[in-house]
Amino acid sequence: MESIKVNVKDVLQAVTAEQIEALNPEASEAIDKLHKGTGAGSDFLGWVSLPSETTDALIADINAVAADLAARCEYVVAIGIGGSYLGAKAVIEALSDSFASLRDKGDARRTKVLFAGQNIGEEYLNELQDLLKDKSFGIIVISKSGTTTEPAIAFRLLKEQLEAQVGKAEAAKRIVAITDAKRGALRQLATEEGYKTFVIADNVGGRFSVLTPVGLLPIAVAGFDIRKLIDGACRMEKATLDADSTNPCVLYATTRNALYRHGKKIEILVNYNPKLHFFGEWWKQLYGESEGKDGKGIFPAAVDNSTDLHSMGQWIQDGERIIFETVLSVEHMAKETIIPSDKDNLDGLNYLAGKHVDEVNKMAELGTRLAHVDGKVPNMRITIPALNEEYLGELIYFFEKSCGISGYLLGVNPFNQPGVEAYKRNMFALLAKPGYEAETAAIQKRL
Ligand code: PA5
């Protein structure tokens, strides 16, 4: 079977193969720390063996709950933020018809999954509630801590609406909570209301949780095969056990760290497929929260090409030379579109007649790579055979494992996120949350 591949030949103008390989011993130590739990943040390593430990019983339970929700509801709103949102959103967008939400009947097999609680947009929530007012809907509410403000507000609004529309008893059958086994307001609420629940294990942090029920349930509700997703991740788990030269995570992690140590402070994840936009968002969270700390970290950015070649392309080609690119390239398309011939050829496009649109896209990708390498932007290339559940499972695990290795190479704890709390303290102080009286008084003086 094909697999994802990492090619680093186009970074060798900026760092040599020897400089990359010099990091192999550190990468080997990092893998050891991940497998033996001897590094910083070792309480959060549950994701390392998660694919191979996912039981058929869990998959069957998730699929049964997804089928029940899909049978009851035309729409299911997945409520969550950060790691409790981005993984499901990334996979569903990558696998879905680009216009699924606009099709009258949609794809009969698929329930429409909407998202809330990932922002505090008053108009967004108002419009969502308006959309749902005459629709049959259900809710998957996801929060590991069970106390995050954004999803809590969305859940309060939608729970009330659902109960008003279908009654408390039926609403309880349409609400599933995914949270900590014991702690948090959401756990208590779910127990009291009798909701079906799934547990987020203590040792899996939010941004590493897409292969737990956090990601798997919304993905299953959207009609995709979570067994295959886990199978793909399992394959990558097995392929990345050793720190030898065949381990793609070692190659990716050592290369990006070698570039960082040679002044390349920003990594841009580039895709040439609009379905991968949210994969870039998921990747940004994974690497941003894992590595940006202690005054260190490669800044993770993402662009959607060729769209962004007409906006960010100028900066990337000619701006400050502190960037490198990692291009995600999908080899085979699942659907074909051929450019037609036109007898008048007024647009001068007949030289492309008969070609697949993807052939043009691939030439845009190649032409851009050559131009950016000429412009001194080191380029890595990660090829994915096709966009399906198995390869996405591989890719997710590949980036997670690489992130763990890379964080240790950088010398940080990749599994905490102390900086995320700063804005929350200020927001609670500004909103005069009970328990924040001193902070409220202090912050008022600053205004
Ligand atoms: O990766 C993380 O830990 C965070 O991004 C969390 O997922 C995010 O803050 C949401 O937290 P919670 O699931 O507790 O509501």
Side-chain angles (χ1 to χ4, degrees), residues 1-6 34 45-63 66 78 83-96 110 113 142 178 198 200-201 204-241 246-249 252-253 269 271 273 275-283 285-287 326 328-334 382-405:
M1 175 155 189
E2 291 178 286
S3 186
I4 68 165
K5 288 187 189 67
V6 182
L34 292 176
L45 293 175
W47 58 271
V48 175
S49 51
L50 192 70
S52 58
E53 286 171 6
T54 302
T55 62
D56 288 341
L58 178 65
I59 299 271
D61 192 13
I62 293 172
N63 278 332
S84 292
Y85 150 67
L86 282 163
K89 177 78 175 168
V91 173
I92 292 170
E93 292 282 313
L95 296 175
S96 293
R110 309 204 192 282
V113 177
I142 309 168
I178 307 180
F198 288 97
I200 310 174
V204 180
R207 58 189 174 276
F208 289 84
S209 69
V210 52
L211 300 175
T212 73
V214 169
L216 297 179
L217 182 60
I219 293 166
V221 168
F224 300 111
D225 189 334
I226 56 172
R227 175 78 265 168
K228 287 188 177 159
L229 193 73
I230 293 291
D231 286 348
C234 253
R235 259 204 317 277
M236 189 52 74
E237 182 188 329
K238 289 199 185 88
T240 58
L241 287 174
T246 64
N247 186 330
C249 298
Y252 176 55
L269 190 77
N271 73 72
N273 188 320
K275 290 176 192 280
L276 286 173
H277 171 79
F278 274 95
F279 200 87
E281 297 301 303
W282 170 81
W283 173 89
Q285 190 217 358
L286 181 64
Y287 281 78
T326 298
L328 277 184
S329 184
V330 182
E331 286 179 300
H332 307 294
M333 297 296 110
I382 297 176
T383 44
I384 320 154
L387 281 187
N388 62 30
E389 287 92 334
E390 278 168 294
Y391 294 129
L392 283 174
E394 274 193 21
L395 196 62
I396 286 167
Y397 190 85
F398 163 80
F399 277 125
E400 288 181 347
K401 186 81 169 257
S402 304
C403 186
I405 299 168

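Just so it is clear, the values below take in all heavy atoms, side chains as well, and ignore hydrogens, waters and symmetry mates.
- For Y397, there are no ring pair (Phe, Tyr, Trp, His ring centres under 6.0 Å) partners two or more places apart in sequence or in a different chain.
- The closest donor-acceptor contact from the side chain of D56 to the backbone of I59 lies at 3.5 Å or more, if one exists at all.
- A donor-acceptor pair shorter than 3.5 Å cannot be found between the side chains of S49 and E237.
- Counting heavy atoms of neighbouring residues, nucleotides and ligands inside a 6.0 Å radius, atom NZ of K238 does not exceed 12 of them.
- Taking a cutoff of 4.0 Å between a charged side-chain nitrogen and a carboxylate oxygen, D231 and R227 qualify as a salt bridge.
- Between L229 atom CG and L211 atom CG the span is 5.5 Å, to the nearest 0.5 Å.
- In this structure, the separation between CD1 on I384 and CG on L328 is 5.0 Å, given to the nearest 0.5 Å.
- With respect to the salt-bridge test (charged N to carboxylate O, under 4.0 angstrom), the residues K275 and E93 do not qualify.
- Here the closest non-hydrogen pair linking L387 and N273 is CD1-ND2, 3.7 Å.
- Counting only heavy atoms from C-beta outward, the side chains of F208 and L286 approach each other to under 4.5 Å.
- Two residues are said to be in side-chain contact when any heavy atoms from C-beta on lie closer than 4.5 Å; T383 and V6 fail this criterion.
- Here the straight-line distance linking atom OG1 of T240 with atom CZ of F398 works out to 9.5 Å at 0.5 Å rounding.
- Between E2 and Y391, the closest heavy-atom pair is O-CE2, 3.5 Å.
- Taking 4.5 Å as the limit, some side-chain heavy atom of I4 sits within range of a side-chain heavy atom of P385.
- Closest heavy-atom contact between V113 and A78: CG1-CB, 4.3 Å.
- How far CH2 of W47 is from CG of L34: 5.0 Å, rounded to the nearest 0.5 Å.
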Step by step, would you call V221 with L217 a side-chain contact (heavy atoms from CB on, under 4.5 Å)? CA-CA 6 Å; V221 168; L217 182 60; 4.2 Å; yes
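- For the pair E394 (side chain) and G232 (backbone), a donor-acceptor distance under 3.5 Å is absent.
- When atom types are taken as modelled, the side chain of T55 and the backbone of L58 share a donor-acceptor pair closer than 3.5 angstrom.
- Note: Y287 and W283 meet the aromatic proximity criterion, with ring centroids under 6.0 Å apart.
- Inter-residue side-chain proximity for C249 and F399 is flagged as unmet; no heavy-atom pair is nearer than 4.5 Å.
- Residues S84 and V214 approach most closely at CA-CG1, 3.8 Å, considering heavy atoms.
- Note that the CD1 atom of I226 and the CD1 atom of I219 stand 8.0 Å from one another [nearest 0.5 Å].
- Annotation: side chain of Y252 is in contact with side chain of T326 (closest heavy-atom distance under 4.5 Å).
- Minimum heavy-atom separation, I92 to P218: CD1-O, 3.6 Å.
- One finds no salt bridge joining R207 and E400 here, because no Lys/Arg side-chain nitrogen approaches an Asp/Glu carboxylate oxygen to under 4.0 Å.
- Looking at Y85 and W282, their side chains never come closer than 4.5 Å, going by heavy atoms from C-beta outward.
- The line from CD1 of I396 to NZ of K401 is 15.5 Å long, rounded to the nearest 0.5 Å.
- Minimum heavy-atom separation, A239 to P248: O-CD, 4.4 Å.
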Trace of the side-chain contact (heavy atoms from CB on, under 4.5 Å) decision for D225 with N388: CA-CA 9 Å; D225 189 334; N388 62 30; over 6 Å; no
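- The side-chain heavy atoms of L216 and I230, taken from C-beta on, include a pair separated by under 4.5 Å.
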